[in-house]
Every structure is written in C-alpha cells, then in structure tokens.
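Nothing here was measured: the structure is a model prediction, and the numbers come from that model.
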Amino acid sequence: MLLSLPALHLQTSKHHPLFQLPHGRLGPWCNPTGSPAPLSCETGCGVGSWILVCRLLVPTQVSLLSMEEDIDTRKINNSFLRDHSYATEADIISTVEFNHTGELLATGDKGGRVVIFQREQESKNQVHRRGEYNVYSTFQSHEPEFDYLKSLEIEEKINKIRWLPQQNAAYFLLSTNDKTVKLWKVSERDKRPEGYNLKDEEGRLRDPATITTLRVPVLRPMDLMVEATPRRVFANAHTYHINSISVNSDYETYMSADDLRINLWNFEITNQSFNIVDIKPANMEELTEVITAAEFHPHHCNTFVYSSSKGTIRLCDMRASALCDRHTKFFEEPEDPSNRSFFSEIISSISDVKFSHSGRYIMTRDYLTVKVWDLNMENRPIETYQVHDYLRSKLCSLYENDCIFDKFECVWNGSDSVIMTGSYNNFFRMFDRNTKRDVTLEASRENSKPRAILKPRKVCVGGKRRKDEISVDSLDFSKKILHTAWHPSENIIAVAATNNLYIFQDKVN
C-alpha cells in the first residue's frame with residue numbers, strides 16, 4: 001500500500017529565532033573512516049532483499065475510499081491518485097508510528113488528520129498479502145487555532161504520534177501539534193441500542209403523554225463502525241513548539257518537550273503538568289541551544305534523555321532531583337578541528353534521539369550521520385554511520401534553500417541490529433550493525449509495482465558515472481524521507497515520502 005502527500009516545505013529555517021544562535025561554539029563532528037562495504041541484493045542488513053507490499057494515498061477528504069483494483073493488490077480509488085503538483089500541503093505526512101504489536105500503523109499529516117491502517121489478516125490462500133495494510137480509521141485530530149494574546153497562528157500539523165499498549169479491545173494513542181496533546185480512543189462498534197422509552201427510532205424526544213408502556217432497550221447488530229473519540233486534552237502548558245512526546249514505561253505518565261522545556265504529565269490529569277527540564281535563560285539573548293528531541297527509557301520509568309542543537313545528549317534521572325536541569329550523564333563527541341567550518345554547528349544539531357529496545361544504547365541523527373552511543377561511555381559514540389557524506393560539498397547551497405535545517409528521524413529494527421534513516425531523492429538508508437554493511441534504497445512512484453524487489457541505489461560523487469548510479473548533482477532535494485517506522489517484531493517498514501506512504505517487507509523465500 002502507499003500513501004500520497006504534497007511537496008514538502010521546511011518546518012524550521014535559518015530565520016527561526018531559536019536557530020539564530022551564537023557561532024562561538026561549534027558542535028562535534030566525526031571524521032569519516034571509510035565507507036562500509038556495499039550491500040548485495042541477496043544479503044546484508046540482516047534482513048535480505050526488500051519488496052514493496054503496498055503504496056497508500058491520503059486524500060484531502062477525511063473519509064478514505066478504497067476499492068479492489070486487481071487480484072494482487074488493493075489501492076485507493078484512482079480518482080484520488082494525484083501528482084505531487086496537485087497534492088496540497090495539508091497532505092504532507094508529518095509522522096509515522098507502528099503500535100506495540102505492529103498490527104496498526106498510524107500516520108499524521110500537516111492537515112491535522114490521523115489515518116490508521118490495519119494489517120491484513122494472513123490466510124493460506126493469500127500468502128502474498130503478508131504485511132499488507134488497509135485503511136482502518138481516519139479522523140481529524142487537530143484544528144488550526146489562533147492565539148489572540150500573542151497574535152500567533154497555531155498550525156494543525158501533527159508533530160508526533162505515540163501509541164499506548166493495548167489493555168482491552170480499544171486502542172489508545174497520543175497525538176500532538178505545536179501546543180496541544182490529545183489522547184484518543186479508537187474502538188469498534190457492531191451493535192446499536194434500540195427501543196428507547198423517551199426517544200423514537202430517529203432519536204427525537206417523544207411526548208411523555210404518549211408513553212403508555214415501558215420498554216427495555218435491546219442491542220441490535222449493525223455494520224462494523226470504527227470510532228475515534230478524544231478522551232483527554234492536554235493544553236496550555238507549552239510556550240514554545242512541542243517537538244517530542246514519549247510514553248513512560250509505567251504507562252501512567254508521559255512527557256512533552258518543546259524548544260526550552262520538558263513537562264511530565266499524568267494521563268488522568270489534564271489541567272496541570274510538572275516541569276522537569278527548563279533550559280530557558282533569564283536573558284533570552286544568552287540562549288545558546290534548544291531542545292530538539294526527548295524520549296523515556298524503555299524499561300526504567302525514572303530515566304529519560306534529551307538532545308540539543310549543539311549535538312549533545314543529556315541523560316537525566318528523576319530520582320536525583322525534581323527539576324532535572326542537572327544531568328546524570330552527558331554525551332558529547334569532541335570536534336575534529338580539521339572538519340570545522342561555518343556549517344559545523346548547524347549540521348551537528350541532533351534532529352532525533354531513540355533508545356534501543358534493550359535500553360542499552362542511544363541512537364542519534366544529525367544532518368550527515370547516525371551515531372550509536374553506549375550508556376556507559378559518554379565521551380564518544382561507539383558507532384558512526386555516514387548517511388549522505390557526498391552532501392558535504394553541497395552545504396552552501398543546502399543552506400541557501402533551507403534544506404540544511406531538515407529534521408530527519410531514525411529508527412531501530414526489533415532486535416536493535418539494523419538502523420534506518422532517510423535522505424534526499426526519496427532515498428532511505430539501512431545500516432547493519434553486525435556486518436557493517438549498508439544499503440541505499442528508493443521509495444519512488446515509478447518503482448511502485450506490488451511485490452517488486454527494490455534495487456540498491458548508488459550516488460556518484462565525481463568522475464565517470466556508471467549506468468546504475470545517480471549523480472549527486474541530479475538529486476532532487478524536494479523529495480526527502482524524513483519519517484520512517486519499523487515493525488516492532490518483523491521486517492516490515494513504513495516510509496513516508498512527502499505525500500506518499502510506502503510499506504516494504506523483507507523478501508521471504
């Protein structure tokens with residue numbers, strides 16, 4: 001299946017006030033030590049070859065219409081298929097997240113909508129359907145607002161979605177825009193009550209004088225309906241834009257982080273939160289860094305990390321102090337003076353931080369690299385992977401078109417052995433931590449035939465270009481993979497390419 005959205009526009013630019021930081025201190029940079037061996041089609045990355053399962057499209061309407069187009073694949077009604085030029089900005093996918101079982105996949109877009117896809121049930125007669133996802137529910141999560149006191153428009157764009165573990169038949173998820181976090185309940189209903197005493201069958205109130213008998217309401221079967229209802233609204237706690245939300249392992253609390261503060265919430269209390277990190281200086285002219293991402297430890301409810309625009313990571317323990325301004329551990333790699341440049345501080349800014357499933361490692365993504373840190377070693381990362389080092393010579397033009405401020409995310413596979421992150425030209429990268437192999441794959445509408453095997457792509461930096469290579473000068477920087485997700489236990493990945501969502505799976509012989 002595949003999802004479609006419009007041409008991507010930057011969320012943050014060099015004109016953003018919080019990014020006009022002093023240039024006196026440059027962030028750390030890792031000197032490349034040579035590129036890993038290329039990945040073959042059959043082996044590497046510990047997951048084998050990848051095939052396209054499905055391609056999904058999010059229409060501009062809140063309702064999604066699907067139809068059976070052929071025997072091999074389901075697609076959204078052709079009337080909704082559009083070119084990038086016809087897709088609106090509201091269609092741009094802004095977040096992708098699997099739930100804890102991987103049976104559901106949620107996407108949020110710039111139009112404030114959440115679309116949930118459900119995995120097709122496997123059957124012996126339709127083995128080819130393994131991994132395919134179909135539309136399960138879609139709803140409007142956030143609406144555009146206007147802060148009249150600050151004369152500030154609040155976008156409806158969904159910044160993050162986080163699932164809660166399923167405890168009963170219903171599903172719960174958190175979604176947030178720049179200012180407000182909402183807890184949604186997604187449930188199924190296949191029966192409806194009938195036989196009310198005070199209402200007729202159309203729901204209108206009856207005249208009490210006409211009621212002469214007492215009826216007992218009964219439940220009648222009806223067509224299955226998936227309902228999404230907001231259960232909690234957590235608002236008015238952030239002065240700056242929310243960039244991260246993370247559910248704690250106690251499943252009673254979660255945190256939300258903006259540029260300068262991190263707040264701790266209880267799921268049952270909406271009118272107050274507890275501020276656990278505040279890096280706002282008394283004088284805003286002294287501001288040197290902002291919080292870029294934050295996440296709770298997957299097993300220890302007292303531990304969390306947050307990253308900064310200076311390329312540093314802080315590990316905090318809530319048992320040590322109520323206000324975690326003093327970190328427990330500080331992860332930073334010394335900068336190589338030979339790589340210092342005008343852009344060093346910008347490209348060292350961390351755009352995403354993720355704990356491994358085991359809780360032993362932290363993965364961070366800056367503009368050019370992905371780094372893996374051991375919680376027991378603070379002075380340097382244990383692994384550094386070059387995502388698109390061929391762009392180092394293009395930093396000046398990337399600064400001019402604001403692409404250098406793009407916020408790429410990164411994800412682990414279920415066993416923490418492979419990591420994945422996005423790049424430009426609809427490329428995304430995978431790195432196998434065991435074999436040290438890497439691969440570049442492309443999510444493109446031209447190669448979107450169902451069950452098609454993805455061919456590794458290579459970028460030619462200079463010299464003579466081979467037939468299967470693409471020149472770095474011909475890369476399309478308007479097509480970028482910012483958001484990806486990996487199934488928690490299987491080799492199924494979801495890749496958001498502007499206004500399209502591609503779902504791939506590892507080829508099984």
Side-chain angles (χ1 to χ4, degrees), residues 8 10-12 27-39 44-45 50 292 311 333 336 339 341-354 363-372 381 383-411 418-433 436-444 447 454-463 465-466 468-484 493 495-498 502:
L8 198 60
L10 297 174
Q11 306 170 17
T12 309
W29 175 246
C30 180
N31 191 26
T33 57
S35 58
L39 176 73
C45 280
W50 290 88
T292 56
E333 183 180 20
D336 186 347
N339 280 329
S341 71
F342 172 79
F343 304 106
S344 295
E345 182 177 336
I346 300 175
I347 63 177
S348 66
S349 175
I350 295 174
S351 57
D352 195 18
V353 60
K354 292 278 176 53
M363 175 171 55
T364 60
R365 171 69 203 266
D366 56 42
Y367 190 65
L368 294 178
T369 67
V370 172
K371 298 175 182 177
V372 178
E383 301 165 23
T384 300
Y385 301 97
Q386 303 295 335
V387 178
H388 39 215
D389 197 53
Y390 47 78
L391 296 181
R392 190 181 294 275
S393 61
K394 303 284 185 182
L395 293 180
C396 186
S397 59
L398 292 168
Y399 178 82
E400 291 299 324
N401 63 16
D402 274 357
C403 284
I404 200 171
F405 297 98
D406 285 336
K407 298 180 182 298
F408 292 97
E409 297 177 0
C410 52
V411 292
V418 184
I419 57 183
M420 176 175 61
T421 190
S423 181
Y424 294 103
N425 207 69
N426 279 354
F427 288 168
F428 60 97
R429 302 268 283 147
M430 289 184 179
F431 303 93
D432 190 311
R433 300 179 59 211
K436 302 304 177 186
R437 293 177 177 269
D438 73 306
V439 65
T440 301
L441 301 173
E442 182 181 9
S444 66
N447 301 326
L454 295 185
K455 296 181 179 179
R457 303 301 304 270
K458 295 181 181 179
V459 177
C460 174
V461 179
R465 181 171 64 89
R466 296 181 181 178
D468 59 341
E469 293 181 338
I470 181 172
S471 172
V472 66
D473 297 319
S474 61
L475 295 177
D476 188 345
F477 293 104
S478 66
K479 297 179 180 179
K480 56 195 80 173
I481 304 294
L482 297 177
H483 314 287
T484 58
I493 58 175
V495 176
T498 312
Y502 297 82

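Between E333 and K371, at least one side-chain N (NZ, or NE/NH1/NH2) sits under 4.0 Å from a carboxylate O, which counts as a salt bridge. A salt bridge links D406 with K480: the distance from a Lys NZ or Arg NE/NH1/NH2 to an Asp or Glu carboxylate oxygen falls below 4.0 Å.
A heavy-atom distance below 4.5 Å is found between the side chains of Y385 and R433. No side-chain heavy atom of F405 sits under 4.5 Å from any side-chain heavy atom of L398. Looking at heavy atoms from C-beta onward, C410 lies in side-chain contact with D352 at the 4.5 angstrom threshold. Between I470 and R457, some side-chain heavy-atom pair lies under the 4.5 Å cut-off. No side-chain heavy atom of L482 sits less than 4.5 Å from a side-chain heavy atom of K407. The shortest side-chain heavy-atom distance between V372 and F431 does not fall under the 4.5 Å cut-off.
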*How far apart are the C-alpha atoms of I481 and Y502, what are their side-chain angles, what is the distance that settles it, and do they pass the side chain to side chain contact (heavy atoms under 4.5 Å, CB included) test?*
CA-CA 11 Å; I481 304 294; Y502 297 82; over 6 Å; no
*Kindly indicate, with the supporting measurements, whether the criterion side chain to side chain contact (heavy atoms under 4.5 Å, CB included) is fulfilled by L395 and I404.*
CA-CA 7 Å; L395 293 180; I404 200 171; 4.2 Å; yes
_Would M430 and I493 count as a side chain to side chain contact (heavy atoms under 4.5 Å, CB included) here? Give the steps._
CA-CA 11 Å; M430 289 184 179; I493 58 175; 3.3 Å; yes
*Kindly indicate, with the supporting measurements, whether the criterion side chain to side chain contact (heavy atoms under 4.5 Å, CB included) is fulfilled by L454 and F428.*
CA-CA 12 Å; L454 295 185; F428 60 97; 4.2 Å; yes
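When atom types are taken as modelled, the side chain of N426 and the backbone of S444 share no donor-acceptor pair closer than 3.5 angstrom. Remark: side-chain polar atoms of H388 are paired, donor with acceptor, to backbone N or O of Y367 under 3.5 angstrom. For the pair Y424 (side chain) and C403 (backbone), a donor-acceptor distance under 3.5 Å is present. In this structure, the side chain of S351 engages the main chain of R365 through a donor-acceptor pair within 3.5 Å. No donor-acceptor distance shorter than 3.5 angstrom exists from the side chain of S349 to the backbone of I346, with no hydrogens or angles considered. A donor-acceptor pair under 3.5 Å links the side-chain atoms of N425 to the main chain of D476, judged by distance alone. Using a distance-only test at 3.5 Å, with no hydrogens or angles considered, a donor-acceptor pair links the side chain of T421 to the main chain of E409.
Heavy-atom minimum distance, V472 versus V461: CG1-O, 3.9 Å. In terms of heavy-atom proximity, T498 sits nearest to S478 at OG1-O, 4.1 Å. The nearest pair of heavy atoms linking R429 to Q386 is NH2-O, 3.0 Å. The two residues L441 and V439 make their nearest non-hydrogen contact at CD2-CG2, 3.8 Å. Here the closest non-hydrogen pair linking G422 and V387 is O-CG1, 3.8 Å. For the residue pair S397 and K394, the shortest heavy atom distance occurs at OG-O, 2.9 Å.
To the nearest 0.5 Å, atoms CD1 (I350) and OG1 (T292) are separated by 6.0 Å.
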